[in-house]
Amino acid sequence: MNHEVRESQEKKISVELTLNEALALTGTRFPQNHQLEVDAMHKIKKQLEEQIIDARRNLQ
C-alpha cells in the first residue's frame, strides 16, 4: 500500500448528529421514526462526498 492510499484511509471527517441519530446508527430501533437512521446516513454520505470533491480539487 502506498503512502497516499494509507494517508487517505486515516483522514478523519466530522459529522454532527443528534443523539437519536447516533443511536439509530448503532442499531437502536425507533419504530415510530425510521427517518432518524435515514437522516444520519444522509449526513455522513454528504460529508464524505464533500471530502472527496475537495480532495479531487486539491489534486488538480
- Item | Verdict with reasoning, L17 to V15, per side chain to side chain contact (heavy atoms under 4.5 Å, CB included) | CA-CA 6 Å; L17 301 173; V15 179; 3.8 Å; yes
- Message: Using side chain to side chain contact (heavy atoms under 4.5 Å, CB included), reason through D54 and R57 one step at a time and then give a plain yes or no.
- Response: CA-CA 5 Å; D54 286 345; R57 284 184 187 148; 3.7 Å; yes
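- Shown here for L36 and F30, the closest heavy-atom pair between the two residues is CD1-CG, 3.6 Å.
- By the side-chain hydrogen bond (donor to acceptor under 3.5 Å, both in side chains) test, Q51 is found to be paired with K11, residues two or more places apart in sequence or in another chain being considered.
- Contacts classified as side chain to side chain donor-acceptor pair (under 3.5 Å) and involving residues 36-46 (residues at least two apart or in different chains) are given here: E21-K43, R29-E37, Q35-D39.
- Between I53 atom CD1 and N58 atom CG the span is 12.0 Å, to the nearest 0.5 Å.
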- Query: side chain to side chain contact (heavy atoms under 4.5 Å, CB included) between N20 and N33: does it pass, once the steps are laid out?
  - Reply: CA-CA 10 Å; N20 284 347; N33 195 355; over 6 Å; no
